[in-house]
Amino acid sequence: MDQIQKWLQQYPRLAVVGGYWGDEGKGRVVDMASEFYDCVVRYSGGANAGHTVIVDGIRFAFHLLPSGFARSKTCVIGPGVLFNLASALAEVEENKPKLTGPVPDVLVDGRCPLWTPYHELFESYLEQLRSTTKQEIGTTGKAQGPLRAVHDLREGVIVAHLLRPAVLLTELERLYTMLEPCFEQMNAIPPAPKAVQRELMDLYNRFRLVARIADTRAFLLNAILADKRRVLFEGSQATGLSVDAGTWPYTTSSSVTVGGIASGTLLPPRALSGSVLVFKLFPTRVGAGPMPSEFGDRDELSGFAKDHPEFFCHTDTYNAVTRMQYQEQLLLAYNLKQITKRDLGRYLLIRQQEIGVTTGRARSPGMPDLAWARYAISVNDPMACVLNCLDAGSGMDLIPVVTGYEHNGKQLLPAAVPTNDLSNVKVNVEYWPGWREDIRGCTQWEDLPHGAREFVKRFEKHTSRPVMVIGTGPSRTDVIVRNRSQCSVTTLFD
Ligand code: IMP
């Protein structure tokens, strides 16, 4: 911990952002870091995120609230967040009794677009429409697209409207009228604007007891400049899902990269003093959209997960022995080079228990993708990286790694491939030596086997960023925090 504290000391305003396609374990990094910050800020996404944090053995699940809530840190929801009042209220009410510290302040910006059932219906309408040409995005169903788009049309409602119920009603009525043709086509009967207004006001009357609507920009500026408070910016989703930098249209509808922090908080870009980009050894993807290094077929893998609940510990029929035996059988076949890509995907799905917190969907794994990692680094310019789930590689004699993309017969950087054409990419694969030893729970760099250390050093050389933190297991303490002398490349501005 001393190590991380010393390192974080130099970044009073730090961002933690995902590098691949989400679920890289940002929640744990934010949780680890939040101990040394006063406020934790969400600037993007909405209730579609899923961050699990375990504090003193107690499990907290967050979707919309900054995960600093678990450590009683001031929680700020900036104007870039697509806000769902019912979700936020449920999260505060569910997580409050679990706190060991005081109940923290929760501030929500008045400018946040506000969820209504109309947005959700509109999302179903759009997904239905896309399904006719087999182009569904496979969203989380949290209406992120409609919330962002309606707001960008300068329609819909915002959080501040909760302070003026009559204005709220007028805006709801126009939104209803605007979307009515879609509801008719769907044969849907949405609640009337008056009923939605009543429902939102009831929720707000409960919400105001635990949180407040604020000008979070002014709050943060004052906290930073006058009170010298330390601020942590918690990214949602990841670079590959960012509406601008990601694999559009198969993205979420926020700018979730470091670049999105300025617009999502209204703080000037110079306010940020550093950022870390979080990767995990084997990237995963849920929903639709390309991930060039993916092992198998996503739908097939989801079907497999549904048909075999005995392999997944969140189910009633989970059986640890059956799971172990199956895993060992697949690992043996892998090392004997007698495995299909499909089975390697299954192995990692089970080994890493890759099932989503928000949706319960299976996440499909792929090879470590250095081509994408370099692109994500160039977009976010982090001081350092985190490499989570390194333990997933234990037991593999060789680890396949993507070092480049080929598109239309040419070697290309991911940035040069149109994002909607990434599914036509051929990946260049190298096999790097792995390690046999189980490294789960390892906390010291020197205790890692030679193969694991060499792997990390190679990852650093290919990405030109130091890997300051390595995740070696699911628990909060399963991490290695390296010092600068242990890294093979130095941070840019230290
Ligand atoms: P939306 O954000 O619900 O609109 O979904 C758009 C795409 O982003 C879908 O493919 C989702 O599966 C994906 N997505 C959204 N949030 C997350 C997340 O927290 N982790 C991983 N994928 C996500």
Side-chain angles (χ1 to χ4, degrees), residues 16-30 42-53 61-67 80-84 87 91 113 115 119-131 135-152 234-257 260 264 278-280 282-291 294 298-299 301-302 349 352 354-366 376 388-389 419-420 422-423:
V16 178
V17 173
Y20 283 138
W21 285 271
D23 307 303
E24 298 93 348
K26 289 182 298 294
R28 183 180 53 184
V29 180
V30 170
R42 278 281 303 269
Y43 62 91
S44 61
N48 56 342
H51 295 167
T52 306
V53 167
F62 299 110
H63 302 288
L64 188 54
L65 277 188
S67 41
V81 175
L82 306 166
F83 190 71
N84 183 320
S87 277
E91 262 177 62
W115 178 97
H119 293 93
E120 197 161 305
L121 270 173
F122 187 35
E123 173 152 74
S124 310
Y125 170 80
L126 291 171
E127 281 288 77
Q128 240 173 53
L129 206 63
R130 293 177 190 126
S131 74
Q135 283 171 309
E136 300 103 302
I137 292 171
T139 70
T140 56
K142 307 291 177 189
Q144 298 298 287
L147 276 162
R148 188 73 260 160
V150 166
H151 190 75
D152 288 355
E234 175 175 3
S236 62
Q237 289 79 41
T239 306
L241 292 173
S242 195
V243 69
D244 34 29
T247 50
W248 185 94
Y250 299 102
T251 58
T252 190
S253 293
S254 296
S255 180
V256 306
T257 58
V278 185
F279 295 99
K280 59 180 168 185
F282 296 100
T284 55
R285 183 150 199 180
V286 285
M291 179 170 75
E294 191 165 5
R298 216 168 298 165
D299 290 338
L301 200 71
S302 286
L349 169 78
Q352 292 301 104
E354 293 284 8
I355 302 285
V357 185
T358 306
T359 56
R361 295 184 292 183
R363 308 180 192 125
S364 181
N388 270 328
C389 309
T419 52
N420 55 0
L422 267 186
S423 49

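Both counts, for ligands and for their atoms, begin at 1 and track the order of listing.
For the residue pair S67 and E234, a side-chain donor N or O sits within less than 3.5 Å of a side-chain acceptor on the partner. No hydrogens or angles considered: a donor-acceptor pair under 3.5 Å links the side chains of S44 and S236. With hydrogens and angles left out, the side-chain atoms of T247 and R285 include a donor and acceptor closer than 3.5 Å. Using modelled atom types, one finds a donor on one side chain and an acceptor on the other under 3.5 Å when comparing E294 with S364. Side-chain atoms of S255 and D244 include a donor-acceptor pair closer than 3.5 Å.
Among the atoms of R361, some N or O lies under 3.5 angstrom from an N or O of ligand 1. Annotation: S253 places no N or O atom under 3.5 Å from an N or O atom of ligand 1; distance criterion only. For ligand 1, none of its N or O atoms has an N or O atom of R285 under 3.5 Å away.
Under the side chain to side chain contact (heavy atoms under 4.5 Å, CB included) criterion, S87 pairs with A47, L64, N84, sequence neighbours left out. Listed by chain and residue number, nothing satisfies the side-chain hydrogen bond (donor to acceptor under 3.5 Å, both in side chains) test with T251 (two or more places apart in sequence, or in another chain).
Residue contacts with ligand 1, taken as heavy atom pairs separated by less than 4.0 Å, involve L241 solely via side-chain atoms from C-beta onward. Looking at W21 against ligand 1, only its backbone comes within 4.0 Å, counting heavy atoms.
Checking Q144, Q237, E127, E136 against atom 16 (N) of ligand 1, the nearest heavy atom belongs to Q237. Atom 2 (O) of ligand 1 has its nearest heavy-atom neighbour, among T252, T139, L82, I137, in T252.
Ligand 1 places these atoms under 4.0 Å from at least one heavy atom of G287: 10 (O), 12 (O). Residue-ligand proximity, D23 to ligand 1, at heavy-atom distances under 4.0 Å covers atoms 20 (N), 21 (C). Using a 4.0 Å cut-off to heavy atoms of V286, the atoms of ligand 1 that qualify are 10 (O), 12 (O), 21 (C), 22 (N).
Of the candidates K280, Q352, E24, R28, N388 forms a side chain to side chain donor-acceptor pair (under 3.5 Å) with just one, namely R28.
Put simply, no part of T284 is less than 4.0 Å from ligand 1, judged by heavy atoms. A49 counts as a contact of ligand 1, since one of its heavy atoms falls under 4.0 Å from the ligand. Using a 4.0 angstrom heavy-atom cutoff, K142 does not count as in contact with ligand 1. Judged by the shortest distance from any of its heavy atoms, G289 lies outside the 4.0 Å radius around the atoms of ligand 1.
Rounded to the nearest 0.5 Å, atoms CD (E354) and CG (D23) are 7.0 Å apart.
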